[in-house]
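These notes are about the structure you will find just below.
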Number of protein chains: 2
Amino acid sequence: MATIYEVSKLAGVSLATVSRVINSNAPVREATRKKVEAAMAELGYRPNSVAQSLASSRSNSIGILVSELNGPFYGVLLSRIEAEFRAAGKHVIIAAGHSNESLERESIEFLRSRNCDALILHVEAVSDDYLIELSGKGCAFVLINRYVEELADRCITLNNHYGGYLATRHLLELGHRDIAYVSGPMWKHDAQERYNGHREALAEFHINVDPALVFEGDFQETGGEQALAHFLQQNLKFTALVCANDEMASGAITSAHDLKIKIPEQLSVIGFDNVNFAHYIYPKLTTIDYPIGDIGQMAARWVIKNVYQQPNTAIQEVFEPRVVQRDSTHACS
Amino acid sequence: MATIYEVSKLAGVSLATVSRVINSNAPVREATRKKVEAAMAELGYRPNSVAQSLASSRSNSIGILVSELNGPFYGVLLSRIEAEFRAAGKHVIIAAGHSNESLERESIEFLRSRNCDALILHVEAVSDDYLIELSGKGCAFVLINRYVEELADRCITLNNHYGGYLATRHLLELGHRDIAYVSGPMWKHDAQERYNGHREALAEFHINVDPALVFEGDFQETGGEQALAHFLQQNLKFTALVCANDEMASGAITSAHDLKIKIPEQLSVIGFDNVNFAHYIYPKLTTIDYPIGDIGQMAARWVIKNVYQQPNTAIQEVFEPRVVQRDSTHACS
DNA sequence: TTGTAGGCGTTATCAT
DNA sequence: ATGATAACGCCTACAA
């Protein structure tokens, strides 16, 4: 691979001049530029990005840490982030934290050791304190789907509380009064917030929360299956079911099919996230849209603005969810 | 951030010695090592991987190019690749080619300019010649799901032909004789191969291919919808439908629901890929399992073996598909 | 507008 | 076993 030195020799100019035409960060006479460009073309020269990084202390790489690499949710997140950075000539280094504290910490260290210019973090297990300390160390990062007061200016979040509220209100407006709720693991912030939103909606309609109608699931399909089985077993009366994410809604619906419970006629089900398989489910799932792609893009823009200092559109820190009505919910008969 | 130089000063040894304990690639007296390690700990030293790369001409990064970052298929691929490399202390740089030739080329150049030690490519649009030329340039890469004769030793593939054969044979064995086929875009190698497998199965049962019962879809849900509409419109008789991937199968099934066609009673449907939403579909989709995760892992191992020269298990170059029977296929009545 | 020269933090080749 | 010292390929004041 040709180096900048060979290019300068062939073009008959100095190292510095070649560097200038590469980065176009200083005036170069048109004729000189042409000569240099010709030389680069002839040698098939491509700058060595590693050397560039070392000299400029910028790696032009951004570390992304998400819980999982598979799953419909993270897929669109990654996709949008990559597209945004790609357009800016940056590249992304991706790691998975698997919602596990030590793995998340390791991954962050791993990414840092890779000299990323910035990190985009979707972490669930590490503590707020850890993150605050990290930011104290001068590590540039944005937090996705997590709000830490001390780090407010670097949090891009969904209003989960409002989403939970919307889901339940949707059912209430359809006339349902006996509404069961399958939450995610309560140690997860978003699960907590969505649940609180649910309670707020009930309160607004002067309905007491019946603890028997709340089940803590695992955000997986099995959670939905278990929840439905659990509620049915206790002979509880409920005409609608709120699931804190679409996976669990899918599980619940599958179970319902097996039990010959007609959806939505006998039971209305609403999910949360609007992942792309939501409409593969039969009947098509009514859910709360989580604009995760937009959030990812915004996180990327945050980095471009704050780390690469490029003039940029404004940063939107909180995104609002909305109801996507499909076929799995129905007026209470 | 502390440098190796500061560590050497604090430990009272030379630069070279510190480097030796970092890489443990040369003998260091136990006492010296302890001193150095203490110094590193005290300073919170972490090697600068960029400088390491420049000096050693190894970036410890592997470029991954896939068509899409979202979608169930690529998610598990990426996930397994990342896990394998992570365990080896390497990291992955990910880019998307969107099945578009110029984008794929650009992405490859992009990854190369990032000094990746190797590339794992899932490309569909670039030509065989381009890939052969690339390998001529001394670029180390593995090809996933694509077979190029001249590059045979760096291809990790699924036996798509056999998969197509299995899908159709499954239906034939259930007694179906009028089998419609929705292919993927025929310019894609795998679409072509799967279709050939389908024909082979028909031939084995002495059935002529009826061109009217073949529809070229787009590997998306819409393809399945269009195909079903197309076949129905022509009043063709068919009791079973082979879809060249699960997305199209999902589309076809959704349409069937809308048209009150009972599946599998009136129409058996089989997909291909066994993506993870295959069982979200109702009825649960019978399909051909594509062990994409295993293939990704094997590609990673190929790199670890051939590029990082680590003793390694054998490389399996071709993976075999198998039928996953669920609820969408049924004996012909 | 262009050139010179000193770093950036490591690795690796010599000596010792 | 350890220590100098020259690369590695590029950026960036500072000079000219």
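Chain letters run A, B, ... following the sequence lines, proteins first and then strands; every chain starts at 1.
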Once you apply a heavy-atom cut-off of 4.0 Å, does A:Val50 come out as touching a base, just sugar-phosphate, or nothing? nothing

I need the full list of salt bridge (Lys or Arg N to Asp or Glu O under 4.0 Å) pairs touching residues 298-312 of chain B, with sequence neighbours left out, sorted by first then second residue. B:Glu84-B:Arg301

Could you tell me whether A:Ser53 contacts a base, only the sugar-phosphate backbone, or nothing, with contacts defined as non-hydrogen atoms closer than 4.0 Å? nothing

Please list, in 5' to 3' order, the outermost nucleotides of DNA chain D lying under 4.0 Å from any heavy atom of chain A. D:dG9 to D:dA13

Tell me the side chain to side chain donor-acceptor pair (under 3.5 Å) pairs involving residues 118-127 of chain A, sequence neighbours left out? A:Ser67-A:Glu124, A:Ser99-A:Glu124, A:Glu124-A:Lys188

Sorted by chain and residue number, the side-chain contact (heavy atoms from CB on, under 4.5 Å) partners of B:Ser57 (sequence neighbours excluded) come out as none

Identify, with sequence neighbours excluded, every residue that meets ring-ring contact (aromatic ring centres under 6.0 Å, His included) alongside A:Tyr290. A:Phe73

Qualifying salt bridge (Lys or Arg N to Asp or Glu O under 4.0 Å) pairs, either residue in residues 65-76 of chain A, two or more places apart: none

Can you pull out how bent the helix from C:dT1-D:dA16 to C:dT16-D:dA1 is, comparing the axes over its first five and last five pairs, to 10°? 30°

Residues two or more places apart in sequence or in another chain: which of them pass side-chain contact (heavy atoms from CB on, under 4.5 Å) with A:Ser56? A:Arg58

Donor-acceptor pair, distance only, cut-off 3.5 Å: does the side chain of B:Asp117 make one with the backbone of B:Ser59? yes

Is A:Thr17 near enough to C:dT2 that one of its side-chain N or O atoms lies under 4.0 angstrom from OP1 or OP2? no

A:Asn159: which residues meet the side-chain contact (heavy atoms from CB on, under 4.5 Å) condition with it, sequence neighbours left out? A:His161, A:Tyr162, A:Val318, A:Glu320, A:Pro321

Who pairs with A:His91 by ring-ring contact (aromatic ring centres under 6.0 Å, His included), at least two apart in sequence or on another chain? none

What side-chain donor-acceptor pairs closer than 3.5 Å can you find for residues 25-40 of chain B, not counting sequence neighbours?
from, atom 1, to, atom 2, distance (Å)
B:Glu30, OE2, B:Lys34, NZ, 3.3

Mark up nucleotides 5-14 of chain C, 5' to 3', with B wherever a protein heavy atom is under 4.0 angstrom from a base atom, S wherever such an atom reaches only the sugar-phosphate, and - elsewhere. --BBBBSBB-

Identify whether any heavy atom of B:Val13 sits under 4.0 Å from a base atom; if not, whether one sits that close to sugar-phosphate; answer base, sugar-phosphate or nothing. sugar-phosphate

